[in-house]
Amino acid sequence: MIETNTAAAGTAPFAFTPENQAEARSILARYPKGREHSAALPLLDLAQRQQGYVDRSAMEAVAGLTGLAPIRILEVATFYTMFRHAPVGEHHFEVCTNISCWLRGSDEVLRALRDELGLDPGGKSDDGKFSVQECECLGACVNAPAVRVGDHYFEDLTYDNTVALIRKLRAGEKVVLGSQTGRVGSANAAGATALAGRAS
Ligand code: FES
């Protein structure tokens with residue numbers, strides 16, 4: 001039994017909605033009988049999509065469904081940075097500060113968030129619209145520095161285009177996903193050079 005922070009806060013324990021109970025059954029059915037442990041990650045993701053974060057009560061619910069000891073679910077949910085353990089903002093910036101992003105300017109992304117929102121990693125705005133956390137490699141190193149906001153990636157970030165992105169999100173305007181410098185996919189930022197100068 002994991003000590004539950006929801007119980008401590010006097011709120012109801014986590015429970016999947018009827019719709020998500022059906023989804024959880026469908027997730028469990030993807031795995032062979034006796035291998036339900038493997039459903040831990042997608043079930044934690046489902047809990048997070050329902051509640052916005054995975055607290056200990058949600059971990060216990062997932063433990064109950066998978067048959068894993070709650071401590072095992074706690075280990076998984078605290079290993080992967082994509083699982084959050086407290087409410088976050090509507091626009092939750094996960095800023096990669098791993099090696100490629102750091103070399104390519106993630107400090108400038110963090111500076112833009114600090115200047116524009118007054119938030120450092122771990123912070124959440126009073127209006128609940130924005131929150132910030134540092135995260136490990138997002139797998140978008142070729143277009144570093146990168147952030148994830150919800151299910152969307154924003155890449156090739158600079159101080160200025162991060163500020164512009166924040167302002168658009170705040171205004172509810174449409175934003176461009178992926179590269180913020182117009183790079184197509186992960187094409188060379190300097191343009192096509194591999195065959196430049198070669199005789200035809
Ligand atoms: S190091 Fe940032 S995406 Fe890989």
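The first residue of the sequence shown is numbered 1, and numbering continues consecutively from there. Whatever order the structure lists them in is the order used to number ligands and atoms, beginning at 1.
At a cut-off of 2.8 Å, measuring from atom 4 (Fe) of ligand 1, the protein N, O or S atoms that fall short of it are Cys137 SG, Cys141 SG, waters left aside.
Checked by atom type and distance alone, the side chain of Gln48 pairs as donor or acceptor with a backbone atom of Arg84 at under 3.5 Å. Ser131 places no side-chain N or O within donor-acceptor distance of the main-chain N or O of Lys124, the cut-off being under 3.5 Å.
Here CZ of Arg56 is found 5.5 Å from CG of Leu74. Values are rounded to the nearest 0.5 Å. Separation of atoms CD (Glu23) and OG1 (Thr17) is listed at 9.5 Å; rounding is to 0.5 Å.
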Could you give me the CA-CA distance, side-chain angles and deciding distance for Ser125 and Asp127, then say whether side chain to side chain donor-acceptor pair (under 3.5 Å) is met? CA-CA 5 Å; Ser125 61; Asp127 63 3; 2.6 Å; yes

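Taking Ile, Leu, Val, Met, Phe, Trp and Tyr as members and joining any whose side-chain heavy atoms lie under 4.5 Å apart, directly or through other members, the hydrophobic cluster of Leu110 also contains Phe93, Val95, Val109, Leu113, Leu117, Leu119, Phe130, Val132, Val147, Val149, Phe154, Leu157, Leu165, Ile166, Leu169, Val175, Leu177.
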